[in-house]
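Here the structure comes first, spelled out in structure tokens, and everything after it is commentary.
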Amino acid sequence: MTAFKPQEKGRANRILVYDTTLRDGSQGEGVSFCLEDKLRLAHALDDLHFHYIEGGWPGSNPKDIEFFQAMRTERLKHARLVAFGSTRRSDKRAAADANLANLLRAGAPAAAIVGKAWDLHVTDALRVGLDDNLRMIGSSVAFLKKRLEEVFFDAEHFFDGFKRNADYALATLRSALEAGADAVVLCDTNGGCLVHEVADVVRLVKREFPGALVGIHCHNDANMAVANTVEAVRQGAGMVQGCMNGFGERTGNADLCSVVPVLELSCGKRCIGAKNLRKMTVASRFTYELANLGRHDAQPFVGDSAFAHKGGLHVSAMLRNDRIYEAFSPEMVGNNRRILISELAGRASIIARYPTLSKHPEKQKAVLEEIMRLENAGYAFENADASFILLVKRLLGEYEPAFDLLGFRASTEERAGSKLSEASVKVRIGDVHLHTASEAEYGPVAALDLALRKALVHVYPFFDDFRLTDYRVHIVNAQAAVEARVRVVIESTEGRDAWGTVGVSENILSASCEALVDSFQYTIMRHGGKAAAHWRKRLHSM
């Protein structure tokens with residue numbers, strides 16, 4: 001565990017970042033972290049220099065108990081681990097409450113306890129008196145504060161409670177602060193607040209408790225979580241809570257991948273610093289990977305499309321000054337600028353994507369017309385950069401295929417209750433014909449991939465690190481029913497860089513094979529088309 005420096009709380013413009021992906025984020029639909037996932041993500045968040053990492057609710061489930069046990073032997077370099085729980089039960093003393101005992105047993109140096117700030121919730125859900133709830137809050141905080149380094153009070157439904165009974169909502173904060181809470185966190189639990197409402201309430205809370213560290217915890221039911229979080233900081237909040245990629249219950253929590261860059265780049269606040277901000281895109285994608293969820297391409301700052309430019313006029317202007325259509329530089333958050341190729345592209349777009357075209361003005365029109373023709377047939381090159389490069393090279397006469405696919409077969413059958421796919425390919429390299437076959441448990445496309453490898457690896461021996469990382473199918477003209485064309489986009493990599501290829505056909509296997517062949521051709525081109533030594537001699541003599 002790291003030794004957190006309390007004086008950092010008071011640093012001018014310093015905003016503390018409190019991540020709850022491992023707890024609140026894991027409550028999102030489709031999100032499930034195993035123990036190893038949680039440990040890896042904790043270290044990734046620590047590497048971002050987040051200040052607090054909420055690890056879970058010890059006692060609520062075996063996985064969270066195991067996580068806190070495992071973290072006893074792990075070392076966080078920058079963040080402080082926080083255990084989450086609730087105030088004591090109304091019929092228990094703090095010292096005899098099992099939930100508070102579990103927080104202490106977790107071994108984390110800090111705890112966050114949630115309590116009711118909405119009088120309706122107190123009387124109708126907890127079914128206790130309003131004063132009883134205040135005593136529950138105060139005694140729970142005081143009990144933990146004597147035993148832990150830091151204790152935070154999460155005021156659940158604070159904004160709803162404030163609208164109904166402002167005096168009582170403020171009384172819950174007062175009870176926590178008088179008991180020694182290090183911060184009070186205002187929760188928009190239902191996610192329905194608007195920016196002006198958050199601004200008014202946070203401003204009043206800061207005026208009522210001028211020396212208190214105030215946190216903000218927003219849900220995204222009205223798509224306002226990021227805006228509300230930023231506005232709370234503008235009104236004096238010194239801690240922001242949220243999740244990576246906006247994970248969380250229902251529509252999620254405030255997305256820290258947006259909150260932190262906005263505060264750093266637009267508001268002049270210090271959260272994690274410019275150096276760590278450049279790690280944000282990698283951390284975002286790592287979180288998606290651990291959660292086994294597809295990335296949100298249009299996600300601000302860290303999404304694949306965040307700095308993607310498609311319209312020809314946009315690209316032309318960007319080439320003169322990239323600030324014209326970008327509020328921020330992609331490098332600031334570790335992302336990349338992308339020039340997309342489509343039927344909307346102009347000459348500036350294709351030149352930006354393939355600069356050599358500037359030396360061939362006579363070919364530019366032909367390239368644009370071919371792109372438009374292919375896109376009209378169902379192709380899309382936005383995520384198929386490798387297929388676009390191969391297309392341009394062919395039109396410029398700069399490319400000779402490394403091999404020709406003469407034909408293929410693929411089938412799937414059930415054997416002993418399991419499905420097994422088999423594929424065979426016929427390939428020509430020079431005037432040498434190769435015929436190979438392979439089997440795969442994961443479908444005919446996987447079998448085709450293996451069969452192509454088997455045919456090519458003896459000639460081009462650099463496919464050890466080559467693998468397919470994504471496979472997507474889109475129906476181009478669904479109204480044609482069984483005669484509809486499909487577009488297949490395949491993403492491939494050799495470890496670091498990734499590239500996309502595309503194929504279109506009425507037959508999904510033909511479309512897949514077209515995209516596969518492009519990926520193999522592009523990989524060979526990346527290696528300079530170098531064949532194995534004994535094959536080079538043989539091919540040159542043909």
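We're numbering straight along the sequence, starting at 1.
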Would you confirm whether [X], through its side chain, and [Y], through its main-chain N or O, come within 3.5 Å as a donor-acceptor pair?
{"X": "Ser175", "Y": "Ala171", "result": "no"}
{"X": "Asn335", "Y": "Gly303", "result": "yes"}
{"X": "Ser387", "Y": "Thr501", "result": "no"}
{"X": "Asn253", "Y": "His219", "result": "no"}
{"X": "Glu264", "Y": "Gly273", "result": "yes"}
{"X": "Asn220", "Y": "Gly252", "result": "no"}
{"X": "Ser26", "Y": "Arg23", "result": "yes"}
{"X": "Lys279", "Y": "Asp47", "result": "yes"}
{"X": "Asn228", "Y": "Cys218", "result": "no"}

Between [X] and [Y], does any side-chain donor sit less than 3.5 Å from a side-chain acceptor?
{"X": "Gln299", "Y": "Asp255", "answer": "yes"}
{"X": "Ser284", "Y": "Asn245", "answer": "yes"}
{"X": "Arg14", "Y": "His51", "answer": "yes"}

Among residues at least two apart in sequence or on other chains, which ones pass side chain to side chain donor-acceptor pair (under 3.5 Å) with [X]?
{"X": "Asp154", "value": "none"}
{"X": "Thr21", "value": "Asp19"}
{"X": "Arg487", "value": "none"}
{"X": "Tyr442", "value": "none"}

If you count the non-hydrogen atoms of other residues, nucleotides and ligands that lie under 6.0 Å from [atom1] in [X], is the total more than 12?
{"X": "Arg472", "atom1": "CZ", "answer": "yes"}
{"X": "Asn292", "atom1": "CG", "answer": "no"}
{"X": "Ile475", "atom1": "CD1", "answer": "no"}
{"X": "Lys92", "atom1": "NZ", "answer": "no"}
{"X": "Arg89", "atom1": "CZ", "answer": "no"}

Residues which pass salt bridge (charged side-chain N to carboxylate O under 4.0 Å, His left out) with [X], listed by chain and number, not counting sequence neighbours:
{"X": "Arg40", "result": "none"}
{"X": "Arg278", "result": "none"}
{"X": "Asp64", "result": "Lys38"}

Side chains of [X] and [Y] in contact at under 4.5 Å (non-hydrogen atoms):
{"X": "Met136", "Y": "Ser86", "answer": "no"}
{"X": "Thr251", "Y": "Asn223", "answer": "no"}
{"X": "Cys257", "Y": "Met244", "answer": "yes"}
{"X": "Trp118", "Y": "Thr189", "answer": "no"}
{"X": "Phe209", "Y": "Leu170", "answer": "yes"}
{"X": "Leu39", "Y": "Leu35", "answer": "yes"}
{"X": "Lys145", "Y": "Asp182", "answer": "yes"}
{"X": "Val205", "Y": "Phe158", "answer": "yes"}

Give every residue pair that meets the side-chain hydrogen bond (donor to acceptor under 3.5 Å, both in side chains) criterion with at least one member in residues 120-131, sequence neighbours excluded.
none
Please round to the nearest 0.5 Å and tell me the distance separating atom [atom1] of [X] and atom [atom2] of [Y].
{"X": "Glu289", "Y": "Asp37", "atom1": "CD", "atom2": "CG", "answer": "9.5 Å"}
{"X": "Ser519", "Y": "Ile490", "atom1": "OG", "atom2": "CD1", "answer": "7.0 Å"}
{"X": "Leu144", "Y": "Lys146", "atom1": "CG", "atom2": "NZ", "answer": "11.0 Å"}
{"X": "Asp160", "Y": "Glu156", "atom1": "CG", "atom2": "CD", "answer": "10.0 Å"}

With sequence neighbours excluded, residues passing ring pair (Phe, Tyr, Trp, His ring centres under 6.0 Å) with [X]:
{"X": "Phe301", "result": "Phe328"}
{"X": "His49", "result": "His78"}
{"X": "Phe84", "result": "Trp57"}

Specify the closest pair of heavy atoms between [X] and [Y], including all atoms of both residues, with the distance to one decimal.
{"X": "Ala212", "Y": "Lys206", "answer": "O-NZ, 3.1 Å"}
{"X": "Arg88", "Y": "Ala94", "answer": "CD-N, 3.6 Å"}
{"X": "Ala227", "Y": "Val195", "answer": "CB-CG2, 3.8 Å"}
{"X": "Asp46", "Y": "Ala79", "answer": "OD1-N, 2.8 Å"}
{"X": "Thr87", "Y": "Gly115", "answer": "CG2-CA, 4.0 Å"}
{"X": "Leu22", "Y": "Glu54", "answer": "CB-O, 3.4 Å"}

Would you please test Tyr52 and Phe152 for ring-ring contact (aromatic ring centres under 6.0 Å, His included) and show each step?
CA-CA 11 Å; Tyr52 297 97; Phe152 307 129; 5.0 Å; yes
side-chain contact (heavy atoms from CB on, under 4.5 Å), that's the test. Do Tyr18 and Val185 meet it? Break it down for me.
CA-CA 11 Å; Tyr18 182 114; Val185 182; over 6 Å; no
Do Arg295 and Arg285 pass the side-chain contact (heavy atoms from CB on, under 4.5 Å) test, and can you show the C-alpha distance, the side-chain angles, and the key distance before you say yes or no?
CA-CA 7 Å; Arg295 301 201 300 256; Arg285 293 172 182 178; 3.3 Å; yes
NZ/NE/NH1/NH2 to OD/OE distance under 4.0 Å, Arg234 and Glu231
yes
side-chain contact (heavy atoms from CB on, under 4.5 Å), that's the test. Do Ser90 and Asp132 meet it? Break it down for me.
CA-CA 7 Å; Ser90 60; Asp132 290 333; 5.7 Å; no
Step by step, would you call His217 with Asp24 a side-chain contact (heavy atoms from CB on, under 4.5 Å)?
CA-CA 11 Å; His217 179 113; Asp24 219 344; 3.1 Å; yes
Applying ring pair (Phe, Tyr, Trp, His ring centres under 6.0 Å), which residue pairs with at least one partner in residues 241-272 are found, sequence neighbours left out?
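Only Phe247-Tyr288 qualify under ring pair (Phe, Tyr, Trp, His ring centres under 6.0 Å).
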Any cation-pi pair here, Arg147 with Phe143, using under 6.0 Å and within 45°?
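That pair qualifies as a cation-pi contact.
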